[in-house]
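Notes for the one structure printed next.
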Amino acid sequence: MIVGKAQIVGDTLETHITTYMIAHVTAISVSRPFLPLGATICLGTGGFAAAYFDLLSPGERLLVAGLCIGALLFGWKIGRLELISRDLNGSPQAFAVYGTHGDLNERRKLIAKSKRSLTMEPSS
């Protein structure tokens with residue numbers, strides 16, 4: 001799943017906001033920006049539950065366990081595709097697309113493959 005769109009059309013990457021020239025991109029990365037937040041929620045909620053475990057009902061224990069697992073899964077699955085180039089340095093538009101980490105990794109590979117094919121073409 002990818003939020004928005006990320007399509008390679010010729011020598012450009014078209015997203016729902018911007019069109020990027022693939023030739024100008026120097027690096028492409030996929031990160032998990034919500035993993036620290038998910039881990040923090042999990043540790044905080046889990047620590048609270050551990051401290052008051054004897055006072056919690058079975059339903060509340062399940063709720064806390066579900067919240068911990070859900071926060072970790074959300075942080076692990078959601079990713080951000082980031083394009084890096086001299087033109088986009090420091091710009092908030094350097095972040096192209098959010099989506100699941102696996103799908104964005106596949107897009108990253110496609111963009112890199114497209115960039116390699118552009119650099120191998122002989123110039124006229």
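Given the structure is predicted, the values throughout are model-derived calculations rather than measurements. Numbers here are sequence positions counted from 1.
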Under a single-linkage definition using a 4.5 Å side-chain heavy-atom cutoff for Ile, Leu, Val, Met, Phe, Trp and Tyr, are [X] and [Y] assigned to the same hydrophobic cluster?
| X | Y | result |
| --- | --- | --- |
| Ile28 | Ile8 | yes |
| Tyr98 | Phe74 | yes |
| Leu110 | Leu83 | yes |

Return the [atom1] to [atom2] distance between [X] and [Y], rounded to the nearest 0.5 Å.
| X | Y | atom1 | atom2 | answer |
| --- | --- | --- | --- | --- |
| Lys115 | Met21 | NZ | CE | 10.5 Å |
| Asn105 | Ser29 | CG | OG | 10.0 Å |
| Ile41 | Leu72 | CD1 | CG | 9.5 Å |
| Arg80 | Phe34 | CZ | CZ | 8.0 Å |

Which atom of [X] lies closest to which atom of [Y], heavy atoms considered:
| X | Y | result |
| --- | --- | --- |
| Leu55 | Glu60 | O-OE1, 4.2 Å |
| Cys42 | Ala71 | N-CB, 4.5 Å |
| Asp54 | Arg61 | CA-NH2, 4.2 Å |
| Ile111 | Leu81 | CD1-CD2, 4.0 Å |
| Val30 | Leu104 | CG2-O, 3.6 Å |
| Gly10 | Ser114 | O-OG, 4.1 Å |

Between the side chain of Arg32 and the main-chain N/O of Trp76, is any donor-acceptor distance below 3.5 Å?
->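 Yes, because the side chain of Arg32 sits within donor-acceptor range (under 3.5 Å) of the backbone of Trp76.
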